[in-house]
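Predicted model only: the values in this text are computed from it and were never measured. Protein chains get the first letters and strands the later ones, always in sequence-line order, with residue 1 at the start of each.
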Amino acid sequence: MDETKSEIQEILKGAIRAAISAGELPISEVPDIPFSPTKTPEHGDIATPIALGLAKTAKMAPRAIAETIRKHVNQTEHPSIRELQIAGPGFINVYLSYEWLYDTLRTIVSAKRDYGNCGIGKGKRIQIEFVSANPTGPLNIVSGRAAAVGDTLVNLLNAIGYEAIREYYVNDAGGQVERLGESIDIRYRQSLGEKNLEIPEGGYQGEYIQEFAHHIATEEGDVYLKHNREKRIALFKEKGIEHLLGQQKASLERFRVNFDVWTSEEAIRNSGKPDQIIELFREKNYLYEAENATWFRMTDFGDDKDCVVIRSTGEYTYFVPDAAYHRDKYDRGFDKVIDLFGPDHQGHVPRLKNFVKALGLADDWLEIDIIQQVNLVDADGNRQDMSKRRGQFYTLDLLIDELAEAVGEEFAVDVARYFFLMRSNNAHLDFNLELAVTQAVENPVFYIQYAHARCCSIFQQAKEQQIQMIPIDDTTLELLSEPSEHELIRKLADFPSILLSSAAEREAHRIPHYLYELAGLFHPYYNKHRVLDAANMERTHARLVLTQCVQTVLANGLKLLGISAPESM
RNA sequence: GCGCCUAUAGCUCAAUUGGAUAGAGCAACGGACUUCUAAUCCGUAGGUUGCAGGUUCGACUCCUGCUAGGCGUGCCA
C-alpha cells in the first residue's frame, strides 16, 4: 500500500507540474501530497485534500483546482488508477485498480505471521520499564493496566523492527519497604500474643500482612524475638519483599506478562553509581548545602523548585538511585528507554528528565509516558479510594479469579487484557468489578475471537468436505468481486499502517479497535455469503484465500495483544 | 496559587498529521437459526462533542478564557 501511495503521489505531482507549465495553476512550487483517511468506500481507496490546501496560494476555488489536476492525469498511462473523482468541497478521491486488492491478499499469504511487521526500527535497542510496583503488596488492577499496555507496547515495537525488552524496577530499598518490615514485625508479635501494638503511621494495614506474619509465627515460632527490633525489622523486610515479589511475579505470569529483566533498587544503591552521580553533580556545581540537606539546582534546568538529594539524615532521596538507575540503563547500551508511569508519579517526570539531562544524556533518549489511573467505583458509581497502605484495593488476581468464574481461566485473562488495552492511555478508567464480571460474557474480545474461530471452522469444514486449498497463484482472485469483499480486503490492507502508528505513537488501543472493526466486517460477510460452495469451486478457492487472510490478520493482531486466538469456541 | 490529565448518545468508550454525513458496544424496541458455529446477523431509536470566544476553505482535534472532576506540587516512591 505504501508503494501505491507514493506512486499516486508522484502521478498527482506530475499532473500539478503539468498544470503549472500550462499556466493553469498559478503556484510556484509543487507541494507534497497529503492523504486524508477514507472512511467510506464512496470516498475511493485513497483521497487527498491537496486542492483544498492549494486554494489560498492559487487563489482559485478548490474544486476548480481539483478539476485542473485531474485534467492533467493521463489515465491511460496509469493503469493502477481506475477512476479519479472530485467530491465534496474539493477532495480528489482515487479509485485504484482492483489489482491492488488482490496484491494485498498475495502479500498476506506470503508474509503470514509477519504480515504487518516492518523493519523501521532497524534493530535499535529499546527498554520499556513498567509496572515497577513497590514490593509491599499484591499487584492491583492499576498495575494490571500498566502490565497489559507495557507488554503490548513491547510487542508492537518488536513488530516494527526494534529490539525491545521488558524491565521491572523493584523498589526494594527506602522508606516504603522499611514500613513493610515494621508492619510485619507488629503483626508477627501480635500473632504471638503481644498486646497494645499498632501499625505505625504510613505502615501497611492489609490483611495479607497479617496472614504472612501469622504464617511466620506458626511455622517458625518465636525465634525472631531473640533479635532486637532493628534486626527483626531488617529480617522481616527481606522476607516480606521475597514473599510479595514472588506473589507479584506469579500474578504477572498468570497475566501472561513476562519481564526480561528485574532490576533491584537495593542493588543499584550498592553499586556505587549513586555516589558517582553525586560526585559528578558536585563537580558540575549542580549541588549546594542548605537547611542541613544537600540540594540539586533543579531551577537551573527550568523547574520552579530545587530539590533535596541528600536528606539531613545523610540518606539519599529516591532521586539519586533513580538517576543512577537511568545512568545504568544508558550504560547497558539502550538507544532509547521508555518509562510508563502512573499519574501519581506525574510530578516526577520533569525532574527525572532533568536529572537525565544533568547526566549529559540526550533529551529524547528518555521518554516517559503516563498511563492514567483506574478508579474503583461501586454500584452507584461512587469512586472508592484505593490505598495499598490501608489495604483497600482490588488485586489483579481477584479480578482474574472473578472473571474466571464467569468465562474460565484462559478467557479471563483475555477479557482482562482486552478490557485494559481497549482504552487509550490517557483515558481515566472507572472500574466496576461487578459490572466487569457481569459484562465479561459480552466482552468485545469474544467478538474478535469468534471471528477467528469461524475462519478456523471454515477450514475444518473444508477439510471434512475434502476441499483442498490450491496455490494462490492458481486462484481466480477476481471472483472476489462483492463490495463487502473489497471492503474486507481494504481493511486487511490497513493493518500494517495501524500497527506502525500504534507503535510509533504508543497508542496500543488502536489495535483492539482495528481488530473489532475487522471482525465487524467479517461477521456480516459470513452471514450473507457462503465460502464453501461445491457448485462453484473456483469461487470457493478465492474465498478461502480471503478467509485465510482474515484469519492471519486476526491472529497476528491478537498475538500483539497477548490474547489467545481460539480455533473453536 | 501553579503544572499535567479528563469532559463526546442514558452508560462505557472510539474518531490517524485539522478533513467529507462525529462512530461502535451496552441498555431499549422489532426481526433472522433445516445453513461453513446465533458468543452471529438485519433493522429502529439515540448528539448544540462541558460553556464562551478565536485561528481557517474546514475544528471533537489547534489557541485564549471559564466551569466541573482526577492527579501532582522542597527532605514518601
When you measure from the side chain of [X], which nucleotide among [options] comes out closest?
X: A:Q176; options: B:A77, B:C13, B:C4; result: B:A77
X: A:H523; options: B:A39, B:C41, B:G3; result: B:C41
X: A:L52; options: B:C4, B:C57, B:C13; result: B:C57
X: A:Y447; options: B:C41, B:C75, B:A77; result: B:C41
X: A:T317; options: B:C75, B:C26, B:U17; result: B:C75
X: A:Q461; options: B:C36, B:U56, B:C4; result: B:C36
X: A:R530; options: B:A14, B:G72, B:C36; result: B:C36
X: A:Y318; options: B:A77, B:A15, B:A38; result: B:A77

Using atom [atom1] of [X] as one end and atom [atom2] of [N] as the other, report the distance to the nearest whole Å.
X: A:M569; N: B:A38; atom1: CE; atom2: C1'; answer: 13 Å
X: A:R539; N: B:C36; atom1: CZ; atom2: P; answer: 16 Å
X: A:D369; N: B:C71; atom1: CG; atom2: P; answer: 21 Å
X: A:L500; N: B:U17; atom1: CG; atom2: P; answer: 12 Å
X: A:F35; N: B:G19; atom1: CZ; atom2: P; answer: 15 Å
X: A:Q449; N: B:U40; atom1: CD; atom2: P; answer: 12 Å
X: A:L403; N: B:A39; atom1: CG; atom2: P; answer: 20 Å
X: A:I46; N: B:G19; atom1: CD1; atom2: P; answer: 17 Å

In whole angstrom, give me the gap between the [atom1] atoms of [N] and [M].
N: B:A14; M: B:U8; atom1: P; result: 11 Å
N: B:U67; M: B:A24; atom1: P; result: 36 Å
N: B:C11; M: B:C51; atom1: C1'; result: 23 Å
N: B:U6; M: B:A45; atom1: C1'; result: 29 Å

Between the protein and nucleotides 42-45 of chain B, list the N/O to N/O atom pairs that are separated by less than 3.5 angstrom.
none

Check the phosphate of [N] against [X], side-chain N and O only, distance under 4.0 Å to OP1 or OP2. Yes or no?
X: A:H509; N: B:A15; result: yes
X: A:R311; N: B:C76; result: yes
X: A:R454; N: B:A38; result: yes

Taking distance alone, no hydrogens or angles, what donor-acceptor pairs closer than 3.5 Å link side-chain atoms of residues 338-348 of chain A to residues at least two apart or in another chain?
from, atom 1, to, atom 2, distance (Å)
A:D339, OD1, A:K329, NZ, 3.0
A:D339, OD2, A:H326, NE2, 2.6
A:H348, NE2, A:D322, OD2, 2.7

Once you measure the plane-to-plane angle for A:H513 and A:H509, does it fall in the parallel (<30°), tilted (30-60°) or perpendicular (>60°) bin?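 Ring orientation of A:H513 relative to A:H509: perpendicular.
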With sequence neighbours left out, what residues match [X] under salt bridge (Lys or Arg N to Asp or Glu O under 4.0 Å)?
X: A:E464; result: none
X: A:R269; result: A:E265
X: A:R70; result: A:E67

Enumerate the salt bridge (charged side-chain N to carboxylate O under 4.0 Å, His left out) contacts for residues 495-504 of chain A, please, sequence neighbours excluded, ordered by first and then second residue.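 Found none.
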Could you tell me whether [X] and [Y] have a side-chain N and a carboxylate O separated by less than 4.0 Å?
X: A:E289; Y: A:R282; result: yes
X: A:R179; Y: A:E182; result: yes
X: A:K13; Y: A:D32; result: yes
X: A:K273; Y: A:D328; result: yes
X: A:R510; Y: A:E505; result: yes

Which residues share a ring-ring contact (aromatic ring centres under 6.0 Å, His included) with A:Y316, sequence neighbours left out: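 Partners of A:Y316 under the ring-ring contact (aromatic ring centres under 6.0 Å, His included) test: none.
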Donor-acceptor contact below 3.5 Å, side chain [X] vs main chain [Y]:
X: A:N134; Y: A:T136; answer: no
X: A:T48; Y: A:P34; answer: yes
X: A:S143; Y: A:L139; answer: no

Test applied, side chain to side chain contact (heavy atoms under 4.5 Å, CB included); reference residue, A:V349; option that passes from A:D369, A:L366, A:I370: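 Option passing the side chain to side chain contact (heavy atoms under 4.5 Å, CB included) with A:V349: A:I370.
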Got a list of protein N/O to nucleotides 5-8 of chain B N/O distances below 3.5 Å?
from, atom 1, to, atom 2, distance (Å)
B:C5, O2', A:Q372, NE2, 3.1
B:C5, O2', A:N426, O, 3.4
B:C5, O2', A:H428, NE2, 2.9
B:C5, O2, A:H428, NE2, 3.1
B:U6, OP1, A:N426, ND2, 3.2
B:U6, O4', A:H428, NE2, 3.4

In this structure, which stretches of RNA chain B are paired as stems of three or more consecutive Watson-Crick or G-U pairs, both distances less than 3.5 Å?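 RNA chain B stems, ordered by first number: B:1-7 with B:67-73, B:10-13 with B:23-26, B:28-32 with B:40-44, B:50-54 with B:62-66.
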Residue whose nearest RNA chain B nucleotide is more 5′ - A:G175 or A:P343: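 Here A:P343 is the residue nearer the 5' end.
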Taking for each residue the nucleotide of RNA chain B with the nearest heavy atom, is it A:T313 or A:V531 whose nucleotide lies nearer the 5' end?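 Checking each residue's closest nucleotide, the 5'-ward one belongs to A:V531.
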May I ask you to test the A:N354-A:D300 pair for a side-chain heavy-atom distance under 4.5 Å?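 The answer is no, as the side chains (C-beta and beyond) never meet within the 4.5 Å cut-off.
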Under 3.5 Å, which donor-acceptor pairs link side chains of residues 51-65 of chain A to any protein atom two or more places apart or in another chain?
from, atom 1, to, atom 2, distance (Å)
A:T57, OG1, A:L54, O, 3.3
A:R63, NH1, A:G88, O, 2.5

Which of residues 410-424 of chain A have a heavy atom under 4.0 Å from RNA chain B?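 Here the set is A:R423, A:S424.
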Please enumerate all protein N or O atoms sitting under 3.5 Å from an N or O of nucleotides 20-22 of chain B, with distances to 0.1 Å.
from, atom 1, to, atom 2, distance (Å)
B:A20, OP2, A:K39, NZ, 2.8
B:A20, N6, A:N93, OD1, 2.7
B:A20, N1, A:N93, OD1, 3.0
B:A20, N1, A:N93, ND2, 3.1

